[in-house]
Amino acid sequence: MARSAKRHPAEVIYQVYPSSFNDANGDGQGDIAGITQKLDYIKSLGVDSIWISPVYLSPPGPEGDGGYAVSDYRQIDPRYGTMQDFKDLLKEAHARGLRVYTDWVVAHTANDHDWFEKSRKGDPKYKDYYVWADGKQWNGRTVPPNNWKSVFGGAAWTYDQERGQYYLHHFLKSQPALNLNKKEVQDAVLDEMKFWLDMGVDGFRVDALPFATCDEKLRDNPWLYGIWPNVKEQWDQQRFDHSMIQPQTVDFIARIRALMDGYPEKKTTIGEATAGAEGGLNPLPVAAQYVDLQKGLDMSYTWAVNDISPKARDRLADIVRALGKYFPDGGHCLSVGNHDIPRTFSRTAANVPPAEALAAHKQMMEIFFTLPGSVILYQGEELALEQARIPLDIPLDKLKDPTAQTQGLDACRDGSRTPMPWDGGKPNAGFSSSNDPYLPVPAAHVPKAVAAQEKDADSMLRFMRKLIARRKARPALEAGTATVLNAGAPLFAYLRENGGETLLCAFNMSGQSFSFKPEDILDDATIGRLSLQKGQTVTLAAYGSFFKDAPPQGVKAAPAPQSPPPVIRKAV
Ligand code: NOJ
């Protein structure tokens, strides 16, 4: 079947975690005015848009889950500033041509949200706003209604004395799940979204979409491995047949899309779909069902590449093929780093000798920024920051992430949430003038501060700017297909094609130089189209890359590659 020429937008999005980005008022906490101060920096990266993690009113302690437990969707939390600060940010971002996406926490509220307070009291209007159920009798005891588990550990149910029933929470018990199976709850949520769209935000990153709806009969999930009772009764040990990824989420998304389409200007939706149909694996097919050119999201982001290191060449090839299969019209968004997962640079560094880490990391980014779809760049990834260590960099008494308590230190996400280092010569590397910053700045981040990297022509920061510029300059990278070429290790190569433009991307994923000939990976016609010659030897330095493009008529040739130029020799 011929595919429509219409495709999902392809953007480069910069993710800001407000608590640790920039503190304008010196209270130790990153804030909205601090983001506004750094808009020129964000713009200088060449990105299209910003996604700002939640700044709504939220419980101050660990139960607030860093803003992902919302107490009131229409209020800015005072720790981040005021509504006027937000409006100023919007205005200044728009003046610079940056789109602004706020974070829509769709699947749950905080347990001090007015809706939940009323629901637990049985208020007729709100009583079904959340998922309530009676416990079951088991061996003379009352136990939760079913076997669903919380992502953050333990049962997904908590008993509420006031209501005399259990309520569902996929995350913390302070995050009761909204009952989005009900149309009136969807209506209420859409109304809250409208408030921000009317104000001028350009769209939303929609949090935890696979959790939005659940089985109305609340049936038990099957266990993934072995027979119940399982020694490790955790969320990722179950199939999510009933607790999440229900078909009605797609219908709800169509309503979100209709709301967005009601505006004359483009409003964008980016769904977080990082949990797959089987115990957290295989998120791509789930993420794909949420995007649709007419009725779905513009894009879904997954963690498809967030365990990829230079050693994972074959898996990377599988991912590129899977992106083509599940997202034929685009719509996939790579998350490169994230506030929920460890830093990309540390993953790379753990897999190569220390002296090779930076070159290997630059190549990882080069690969990520030449893959199809959109890309989200998380704050600090452009500086090659390493994961902060607990307790070496962050003492235990400074930890903020509640998962340190619910799941243990290994699961704690604070290691990727430390402050952005702006200037190594200033207190807290320029993040804040306070003696008590949100989290400490790891010593290893100080020399990697923005100011130092601006001055260094070989820095990660300057490399990232060039990468983003190249992506924007080439239609075949902005959209189009990716075809993995049949290359032997350590070479990884694919062709990007779009509207008559062909671009060869070839990567030597090893610490030794490597040579190949065009005919090793390309057919004669493509060799001719790319103006290569059979018999040429292309030699790539360690972690070196080779880009060769055949622009369509009237388009200028690609900017020069940023990696050390490959040596091309005629065969003798
Ligand atoms: C995904 C968010 O990115 C994460 O930080 C949060 O804890 C969960 N959703 C729950 O909202």
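Start at 1 and go down the list; that is how both ligands and their atoms are numbered.
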Residues [X], [Y]: salt bridge by 4.0 Å N-O rule:
| X | Y | answer |
| --- | --- | --- |
| D292 | R257 | no |
| K121 | D123 | no |
| K125 | E184 | no |

>> Taking the ring centre of each residue, are Y130 and W115 less than 6.0 Å apart?
In response: no

> Of the options Q387, E381, H361, which is the one that meets R343 in a side-chain hydrogen bond (donor to acceptor under 3.5 Å, both in side chains)?
Replying inline: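 When Q387, E381, H361 are each tested with R343, the side-chain hydrogen bond (donor to acceptor under 3.5 Å, both in side chains) holds only for E381.
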
Check: every ligand 1 N/O to protein N/O pair under 3.5 Å:
{"residue": "ligand 1", "atom": "3 (O)", "partner": "R205", "partner atom": "NH2", "Å": "3.0"}
{"residue": "ligand 1", "atom": "3 (O)", "partner": "H339", "partner atom": "NE2", "Å": "2.8"}
{"residue": "ligand 1", "atom": "3 (O)", "partner": "D340", "partner atom": "OD2", "Å": "2.5"}
{"residue": "ligand 1", "atom": "5 (O)", "partner": "H339", "partner atom": "NE2", "Å": "3.0"}
{"residue": "ligand 1", "atom": "5 (O)", "partner": "D340", "partner atom": "OD1", "Å": "2.7"}
{"residue": "ligand 1", "atom": "5 (O)", "partner": "D340", "partner atom": "OD2", "Å": "3.4"}
{"residue": "ligand 1", "atom": "5 (O)", "partner": "R413", "partner atom": "NH1", "Å": "3.3"}
{"residue": "ligand 1", "atom": "7 (O)", "partner": "D65", "partner atom": "OD1", "Å": "3.4"}
{"residue": "ligand 1", "atom": "7 (O)", "partner": "D65", "partner atom": "OD2", "Å": "2.6"}
{"residue": "ligand 1", "atom": "7 (O)", "partner": "R413", "partner atom": "NH1", "Å": "3.0"}
{"residue": "ligand 1", "atom": "9 (N)", "partner": "D207", "partner atom": "OD1", "Å": "2.9"}
{"residue": "ligand 1", "atom": "9 (N)", "partner": "D207", "partner atom": "OD2", "Å": "3.3"}
{"residue": "ligand 1", "atom": "11 (O)", "partner": "H108", "partner atom": "NE2", "Å": "3.0"}
{"residue": "ligand 1", "atom": "11 (O)", "partner": "D207", "partner atom": "OD2", "Å": "2.8"}

>> A side-chain contact here means heavy atoms from C-beta on lying under 4.5 Å apart; do H108 and H169 qualify?
In response: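 Side chain of H108 against side chain of H169, heavy atoms only: no contact under 4.5 Å found.
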
